[in-house]
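Counting starts at 1 for both ligands and their atoms, following the listed order. Heavy-atom basis, side chains included; hydrogens, waters and symmetry copies ignored. The structure presented is a predicted model; accordingly, all values stated were derived computationally and were not measured.
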Amino acid sequence: MTSGNTERFIDLRSDTVTRPTAWMWEAMQTASLGDDTLEGDPTVRALEHLAAVMTGKEEAMFVVSGTMGNLIASLCHATRGGEAVIDAQAHMAKSEAGGMSRLAHLFPVLIPSVRGEMDLDQLAGALRPGFSRYGQPTAMVGVESTHNHSGGYVPSLAYLADVHALALRASVPVHMDGARIFNAAAALSVDVAQIAAHCESLTFCLSKGLSAPMGAMLAGSHAMIEQARTFRRMTGGGLRQAGIMAAAGKVALETMVTRLAEDNRRAQRLWTGLAAIDPQLVDAVPSNSNIVRLRVAEQRERNPKAWEAALAKHGVLARASGTATLRLVTHRHIGDDDIEETIAAVASIRDAFAASAAPLGGL
Ligand SMILES: *Cc1c(COP(=O)(O)O)cnc(C)c1O
């Protein structure tokens, strides 16, 4: 792995490992360019227009990463500091280095969630429309779709509508971390705009299943995105000939959206195959998107790290996440055969673990 050459592996660590397509390379080479911090880059502008149309928002802005998009949204919504009501398993809460609190000065109020959906009673109780003797107002409510740390679950439209209604009643904007929102749209058989209708702002990644080499989009109202451009500059995201990357992102939106249903389907097949080995190996309900969690750690020696190593010996790369699970993510470079090989590898590792009292030596 130190060589960085992982191409001969079945790489299920993340959909971020996807390489640019031939059309992307070509678009990158032939893109019309400008200085995006001076007069503006025409290819970036075209991508931003397309993203706004697809999400049904007034405007969109190209950013370096999903994390940067979420941070800038937090900065925009945190007009007077305040609280961010967000689920305890949210990527923004767990995996973005605390930017929401450390840089946007939002105090996170964490709500428990099940399969990516927060408890609505607790959410309603946590919303504060204004200052009180003891508290500061809620600046933002966060939702996430698909929901990464729960294992790729897709919050229902009804749930998103409920959250939005509660937030609007308290005059609080909803920000959606939609890193994999196109996988969610495929799973729900709706347009992304129908999901995005339930938030004031959203971030989505171009660099995951959509296969662009880098980049994400932040979408929202004209007023918000105007402010967001200042915050992008402030956070070091003022790019120059960004059209080279935007060109790949534009091809991603034009050509890579519909195929995500395939990734979702292969993940369902993976879930079914693993469940057939042992139902305890997977979550009770499949996620409907492109993430499957493998539940391990019956014993200390057979923990996620041990499984990660054992799978690598079978040519399968997966990532340990937490103390009891590994995360497997399907994407464009994973075919049907790779799924069957992965299922077979899990079956054989499980047998080897079961047969051997000596934990790792026999593998
Ligand atoms: C990947 C991801 C992000 C962050 O994206 P980066 O581009 O890696 O910064 C944010 N939220 C969720 C849910 C993600 O899965």
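- Judged by the shortest distance from any of its heavy atoms, His149 lies outside the 4.0 Å radius around the atoms of ligand 1.
- At a 3.5 angstrom cut-off on N or O pairs, Glu144 does not count as close to ligand 1.
- Taking any N or O of Arg180, backbone or side chain, at least one lies under 3.5 Å from an N or O belonging to ligand 1.
- Of the protein's non-hydrogen atoms, Lys208 NZ, 2.8 Å is the one closest to atom 14 (C) of ligand 1.
- Note on Glu308 versus Arg319: no salt bridge recorded, every NZ/NE/NH1/NH2 to OD/OE distance being 4.0 Å or above.
- Close contacts of ligand 1 with Thr67, meaning ligand atoms under 4.0 Å from a residue heavy atom, involve 4 (C), 5 (O), 6 (P), 9 (O).
- Leu202 approaches Ala196 most closely through the heavy-atom pair CD2-CB, 3.9 Å.
- With a heavy-atom cut-off of 4.0 Å, Met68 does not touch ligand 1 at all.
- The shortest N/O to N/O separation between Asn148 and ligand 1 falls below 3.5 Å.
- Ionic pairing of Asp36 and Arg232 is present here: one or more N-O contacts between side-chain nitrogen and carboxylate oxygen are shorter than 4.0 angstrom.
- Looking at heavy atoms from C-beta onward, His314 lies in side-chain contact with Ser348 at the 4.5 angstrom threshold.
- The N/O atoms of Gly66, backbone and side chain alike, include one that comes under 3.5 Å of an N/O atom in ligand 1.
- Less than 4.0 angstrom separates some heavy atom of Ser65 from each of these atoms of ligand 1: 7 (O), 9 (O).
- Note that atom 8 (O) of ligand 1 has no protein non-hydrogen atoms nearby, at separations under 4.0 angstrom.
- Proximity of Cys205 to ligand 1 is established by a heavy-atom distance of less than 4.0 Å.
- Side-chain contact check for Leu110 versus Met118: every heavy-atom pair is 4.5 Å or farther apart.
- Between Arg45 and Asp41, no side-chain nitrogen of the basic residue sits less than 4.0 Å from a carboxylate oxygen of the acidic one, so the salt-bridge criterion is not met.
- For atom 11 (N) of ligand 1, the closest non-hydrogen atom on the protein side is Asp177 OD2, 2.6 Å.
- Using a cutoff of 4.0 Å between basic side-chain nitrogens and carboxylate oxygens, Arg350 and Asp278 are scored as salt-bridged.
- Taking each of Met214, His91, Met92, His147 in turn, the one with a heavy atom nearest to atom 3 (C) of ligand 1 proves to be His91.
- Residue contacts with ligand 1 for Ala179 involve side-chain atoms from C-beta outward but no N, CA, C or O (heavy atoms, distance under 4.0 Å).
- The pair Arg269-Glu340 meets the salt-bridge criterion, with a side-chain N (NZ, NE, NH1 or NH2) lying under 4.0 Å from an Asp/Glu carboxylate O.
- With respect to the salt-bridge test (charged N to carboxylate O, under 4.0 angstrom), the residues Arg229 and Glu59 qualify.
- In the vicinity of Glu96, heavy-atom distances shorter than 4.0 Å reach the ligand 1 atoms 10 (C), 11 (N).
- The pair Arg332-Asp263 does not meet the salt-bridge criterion, since no charged nitrogen lies less than 4.0 angstrom from a carboxylate oxygen.
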